[in-house]
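Only heavy atoms go into these numbers, but all of them, side chains included; no hydrogens, no water, no symmetry mates. We name chains A, B, ... by the order of the sequence lines, and we start the count at 1 in each one.
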Protein chains: 2
Amino acid sequence: MDCSSRKGKSWRHGKLRGCGYRATVGRDAVLDVLSQADEHLSAEDIYMKIHPIHPGIGLTSIYRTLGILVNIGMVHKFDFGHGRARYELAEHPGGRGHHHHLVCTGCGRVIDYTDFIDEEVALLKKTEEGLSKKYNFRIDSHLIQFYGLCDSCNNSKVS
Amino acid sequence: MDCSSRKGKSWRHGKLRGCGYRATVGRDAVLDVLSQADEHLSAEDIYMKIHPIHPGIGLTSIYRTLGILVNIGMVHKFDFGHGRARYELAEHPGGRGHHHHLVCTGCGRVIDYTDFIDEEVALLKKTEEGLSKKYNFRIDSHLIQFYGLCDSCNNSKVS
DNA sequence: GTTTATGCAAACTGTTTGCATTGCT
DNA sequence: AGCAATGCAAACAGTTTGCATAAAC
């Protein structure tokens, strides 16, 4: 979904409103937490961060809000295979902050990397064009992840 | 995990045995179903296919078997964001059968594509090398997925 | 004032686990 | 024989939903 909106100081509200949603305290709080986060947060992580400030906001609303934000493209939802979904603010591919993931299958650690991002994004863009045409598919986003063992898991492994 | 094994007609048994697991009817059945499947199956899909032939094999075993197979690298586990994990036989990157995914966020359809695979794999390999070195990470596998709307979902969308 | 969002508790779903039994080697 | 694998039922975790209330517009 795209839903037009003006940018600006509180363009989040604009974006929500433009998509037909109301701007509420809870939704704002979720966006605040996500924009201050430097890692991928689970719904419960977000709840924990919001709760001290807005004790009235329940986990259910967090889930409902995240659902909306993912739908309108403001937030990306990830699954690193640890049973719970993780969320982060959407960034334009190629823009500052765009990254891919390195997931440790040992301890679950997730490293964001930006190395090779430009090349990757360039190839992805080309691939996207080809695929869109061939399969008549409108591509909205992509996901690149590498799986393996991180430094510490590698060392602690008995072989 | 790597676990040495001889190839050959029933190298699956060898692989299992080599990793210290026993070769059982259930495990064989799971591997059979996976190798005959032309799409990504969920644990329950696999159960459904096995049940008519081996009514004695329960869903629990399927899960346990899949866990093992994923661990020893014979099977890849995917999450396309539809609540259930999906499994497919592992293929060597660059080998015949290696593909990436196009996931429709509308209807959940997953298209395997092999277009651009060579280029993608080449770049991934280079990226892997760089990342391995920089983060001292042992990379075992990668995941590339594109999300968007498929042909039919695109057309049925009212905008 | 009307409509949408929320909280709470209960429901749901996919997956995991405990334990007694079975089956591989 | 000995130990690993299995089935069953129950437990579990994250997420979703029904419904009455509260808040946004």
Side-chain angles (χ1 to χ4, degrees), chain A residues 3 5 10 12-31 33 40-48 50-51 53-72 74-75 77-87 108, chain B residues 1 3 5 10 12-31 33 40-48 50-72 74-75 77-87 108:
Chain A
C3 325
S5 76
S10 62
R12 299 163 172 182
H13 287 191
K15 178 90 182 179
L16 279 168
R17 302 294 302 284
C19 292
Y21 297 107
R22 292 180 177 175
T24 68
V25 179
R27 290 173 182 170
D28 227 40
V30 170
L31 283 166
V33 168
H40 328 83
L41 302 175
S42 68
E44 194 163 1
D45 289 337
I46 296 171
Y47 174 72
M48 294 302 217
I50 289 180
H51 194 252
I53 303 151
H54 306 282
I57 295 174
L59 186 52
T60 307
S61 287
I62 312 276
Y63 276 111
R64 283 194 268 232
T65 297
L66 288 170
I68 290 170
L69 295 176
V70 168
N71 259 334
I72 65 181
M74 292 181 77
V75 165
K77 179 179 182 178
F78 294 94
D79 189 305
F80 299 122
H82 299 281
R84 66 192 62 190
R86 303 198 156 262
Y87 302 84
Chain B
M1 295 182 199
C3 328
S5 77
S10 61
R12 299 163 172 181
H13 287 191
K15 178 89 182 179
L16 278 169
R17 303 292 303 282
C19 293
Y21 297 106
R22 291 181 178 173
T24 67
V25 179
R27 290 174 182 169
D28 227 39
V30 170
L31 282 166
V33 168
H40 328 83
L41 302 175
S42 67
E44 194 163 2
D45 290 338
I46 296 171
Y47 174 71
M48 295 302 218
I50 289 180
H51 193 253
I53 303 150
H54 306 282
I57 295 174
L59 185 53
T60 306
S61 286
I62 311 277
Y63 275 111
R64 283 194 267 231
T65 297
L66 287 170
I68 290 169
L69 295 177
V70 168
N71 260 333
I72 65 181
M74 290 181 79
V75 165
K77 179 179 183 179
F78 293 95
D79 189 306
F80 298 123
H82 298 281
R84 69 191 62 192
R86 303 199 154 262
Y87 303 85

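Note: NE2 (A/His54) to P (D/dA23) measures 14 Å, nearest angstrom. In this structure, the CD1 atom of B/Ile50 is 14 Å from the C1' atom of D/dG7, given to the nearest Å. Distance B/Asp45 CG to C/dT15 P: 10 Å, rounded to the nearest Å. In this structure, B/Asp28 atom CG and D/dA5 atom C1' are separated by 14 Å, rounded to whole Å. We find that CZ of A/Phe78 is positioned 19 Å from C1' of D/dT15, with the value rounded to whole Å. When the P atom of C/dT16 is taken as reference, atom NZ of B/Lys77 falls 6 Å away, rounded to whole Å. At whole-Å resolution of the value, CG in A/Leu16 and P in D/dC25 are 10 Å apart. The distance between atom NE2 of B/His51 and atom C1' of D/dG7, rounded to the nearest whole Å, is 12 Å.
Contact of the B/Ile68 side chain with the B/Leu16 side chain is registered, since non-hydrogen atoms from C-beta on lie closer than 4.5 Å. Counting only heavy atoms from C-beta outward, the side chains of A/Ile72 and A/Tyr21 approach each other to under 4.5 Å. Side-chain contact between A/Arg12 and A/Asp28: present, with at least one pair of heavy atoms (C-beta onward) separated by less than 4.5 Å. For the pair B/Ile46/B/Leu59, no side-chain contact is recorded, criterion being any heavy-atom separation below 4.5 Å from C-beta on.
Residues from residues 59-70 of chain B placing a heavy atom under 4.0 Å of any atom in DNA chain C, listed by number, are B/Thr60, B/Tyr63, B/Arg64.
Remark: B/Arg22 is not in phosphate contact with D/dT6, judged by side-chain N or O atoms under 4.0 Å from OP1 or OP2.
The nearest pair of heavy atoms linking A/Ala29 to A/Ile57 is CB-CD1, 4.5 Å.
A/Arg27 places a side-chain N or O within 3.5 Å of a backbone atom of A/Arg22 that can act as its donor or acceptor partner.
Ranked by how close their nearest DNA chain C nucleotide is to the 5' end, B/Ala85 and B/Val25 are led by B/Ala85. Along DNA chain C, the nucleotide nearest to A/Gly20 and the one nearest to A/Pro55 differ in position, and the one closer to the 5' end is contacted by A/Gly20.
By the ring-ring contact (aromatic ring centres under 6.0 Å, His included) test, A/His40 is found to be paired with A/Phe80, A/His101, residues two or more places apart in sequence or in another chain being considered.
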